[in-house]
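Following: one structure in structure tokens, then a few remarks.
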Amino acid sequence: MQLLPFYMVCDESGSMAGGGVDAINSALPDLHHEISTNPSVADKTRFALIGFSTQASVLQPLADLSELTQLPSLSAGGVTSFGAAFRLLKDTIEKDVTALKADGHDVYRPVVFFLSDGIPTDEGWRTELKELNAFRYAPKIIAFGISDADAATITEVANFKAFLQQNDSISPAVALREFASSLTRSIVSSATSMSAQGGEGFQLQVDEQVPGFTSLSLDKL
């Protein structure tokens, strides 16, 4: 079976307390329902949730969402260690893809939806990002910045698409729901594309524009 793994990597630092994590937590049941009740989508995709602050942790190991009754919640506290997130993401993807292949699955390049509302507080995060992008199962990364996130940092993290919240036209809570909706649409559309193409010539389906966000250019010298 051909599978497409999605990883939602969310900032859980102290600045996400209150409205930030609440908005994500209220959007997760919608994401779960949309995918778990669509057998053709759940069958072709796998989903994992990683949270990061001072440390990073796998809140929901990679799973078929139709086999879960609900997704775990985020909780805020600590600083913003991008390096911890990228290090755990690399280790987790390596184990997951290896396990899926051992079970006889064909695995597409993993997809990461990365979300942060601030600036990384650790010095060596670029080294961890470089290693994530260089290893054999390097993921496609779609990065979203909300609140005080820095456009240059978000474009540096992304290697596929990047979006920055339009602070003057949308609140962080609404932006976070749009982020979750975009992730859900990407999972559904990509699985539908896999079915239509029979796996041949499959293209990852990601929004070109997300309401309340500015699309950032990834043209890097």
Side-chain angles (χ1 to χ4, degrees), residues 6-32 47-62 70-93 110-133 139 141-168 170-184 210 212-214 216:
F6 282 86
Y7 293 81
M8 180 172 170
V9 181
C10 281
D11 190 336
E12 290 187 289
S13 61
S15 56
M16 287 284 285
V21 293
D22 288 351
I24 287 288
N25 288 338
S26 66
L28 284 172
D30 295 339
L31 180 151
H32 176 258
F47 179 83
L49 177 61
I50 289 175
F52 71 95
S53 54
T54 309
Q55 302 294 329
S57 58
V58 178
L59 303 175
Q60 172 58 58
L62 196 70
Q70 63 182 49
L71 287 168
S73 298
L74 301 169
S75 57
V79 295
T80 312
S81 176
F82 277 27
F86 300 141
R87 188 163 54 250
L88 178 63
L89 186 57
K90 176 179 176 289
D91 292 345
T92 304
I93 288 174
V111 180
V112 172
F113 273 69
F114 179 91
L115 171 77
S116 179
D117 74 338
I119 310 292
T121 51
D122 53 324
E123 295 272 321
W125 67 270
R126 287 182 175 88
T127 301
E128 301 292 350
L129 178 62
K130 191 173 181 181
E131 291 191 2
L132 174 66
N133 282 322
I141 303 174
I142 299 101
F144 283 75
I146 67 160
S147 297
D148 297 327
D150 171 62
T153 303
I154 293 300
T155 55
E156 199 170 342
V157 169
N159 63 21
F160 194 72
K161 286 187 187 301
F163 299 93
L164 191 69
Q165 179 192 343
Q166 298 167 352
N167 289 320
D168 54 347
I170 190 172
S171 70
V174 174
L176 287 166
R177 291 197 72 83
E178 292 293 352
F179 159 77
S181 295
S182 180
L183 170 53
T184 305
V210 179
F213 285 86
T214 298
L216 302 174

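Just so you know, these numbers come straight off a predicted model, no measurement behind them.
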(request) Find the distance between CG (Leu115) and CD1 (Ile146) and round it off to the nearest 0.5 Å. (result) 5.5 Å
(message) Under the side-chain contact (heavy atoms from CB on, under 4.5 Å) test against Leu49, which residue among Val58, Leu28, Ile24 passes?
(response) Leu28
(message) Treating Gln60 as the side-chain partner and Phe47 as the backbone partner, does any N or O pair qualify as donor plus acceptor under 3.5 Å?
(response) no
(message) Is it the case that the side chain of Ser182 and the backbone of Phe179 share a donor-acceptor pair, with hydrogens and angles ignored and the cut-off at 3.5 Å?
(response) no
(request) Give, for atom CG of Leu183 and atom SG of Cys10, the distance between the pair rounded to the nearest 0.5 Å. (result) 8.5 Å
(request) Using a cut-off of 6.0 Å, state whether more than 12 heavy atoms not belonging to Gln55 lie near its atom CD. (result) no
(request) Please tell me if the side chains of Ile142 and Val111 come closer than 4.5 Å, counting only heavy atoms from C-beta onward. (result) yes
(message) With heavy-atom distances below 4.5 Å as the criterion, would you say the side chains of Arg177 and Ser26 are in contact?
(response) yes
(message) Once rounded to the nearest 0.5 Å, what's the spacing between atom CG of Leu164 and atom CG of Leu216?
(response) 5.5 Å
(request) Compare all side-chain heavy atoms of Ile141 with those of Leu129 and state whether any distance is below 4.5 angstrom. (result) yes
(request) For Val21 and Ala76, work out which heavy atoms get closest and say how close. (result) CG1-CB, 3.9 Å
(request) Grab the two heavy atoms, one from Val157 and one from Ala143, that are nearest each other, plus how far apart they are. (result) CG1-CB, 4.1 Å
(request) Identify whether the distance between the nearest side-chain nitrogen and carboxylate oxygen of Lys90 and Glu128 falls below 4.0 Å. (result) no
(message) Under a 3.5 Å distance rule, please check whether Ser116 uses its side chain to pair with a backbone N or O of Gly118 as donor and acceptor.
(response) yes
(message) I need the single residue from Phe6, Phe160, Phe86 that forms a ring pair (Phe, Tyr, Trp, His ring centres under 6.0 Å) with Phe114. Which is it?
(response) Phe86
(message) Given 3.5 Å as the limit, does a donor-acceptor pair link the side chain of Thr54 with the main chain of Val79, or not?
(response) yes
(message) Could you measure the distance from the CG atom of Asp122 to the CZ atom of Arg87? Nearest 0.5 Å is fine.
(response) 8.0 Å
(message) Just so I know, are the side chains of Ile154 and Phe163 near enough to count as touching, which here means a heavy-atom distance under 4.5 Å?
(response) no
(message) What I'd like to find out is whether the side chain of Thr184 reaches to under 4.5 Å of the side chain of Asp30, using heavy atoms alone.
(response) no
(request) Spell out, as yes or no, whether a donor-acceptor pair under 3.5 Å connects the side chain of Asp117 to the backbone of Asp148. (result) no
(message) Looking at Pro139, is its backbone amide N or carbonyl O close enough to the side chain of Asn159 to form a donor-acceptor pair, meaning the two atoms are under 3.5 Å apart?
(response) yes
(message) With a 3.5 Å distance limit and no angle check, can you tell me whether Glu12 reaches the backbone of Ser75 through a side-chain donor-acceptor pair?
(response) yes
(message) Treating Ser53 as the side-chain partner and Gly77 as the backbone partner, does any N or O pair qualify as donor plus acceptor under 3.5 Å?
(response) yes
(message) Looking at every non-hydrogen atom in both residues, tell me the closest pair between Gly20 and Leu176 and how far apart they are.
(response) O-CD1, 3.2 Å
(request) Would you indicate whether the side-chain heavy atoms of Trp125 and Glu156 approach each other to under 4.5 Å? (result) yes
(message) If I take atom CD1 from residue Ile50 and atom CG from residue Leu74, how far apart are they, to the nearest 0.5 angstrom?
(response) 12.0 Å
(request) Calculate, to the nearest 0.5 Å, the distance between atoms CG and CE belonging to Leu31 and Met8 respectively. (result) 7.0 Å
(request) Compare all side-chain heavy atoms of Ser147 with those of Gln165 and state whether any distance is below 4.5 angstrom. (result) yes
(message) So for atom CD, which belongs to Gln166, do other residues, nucleotides or ligands contribute more than 12 heavy atoms lying within a distance under 6.0 Å?
(response) yes
(message) Would you call the rings of Phe113 and Phe144 parallel, tilted or perpendicular, taking 30° and 60° as the class edges?
(response) parallel
(message) Before we go on, tell me: are the rings of Phe52 and Phe82 under 6.0 Å apart, centre to centre?
(response) yes
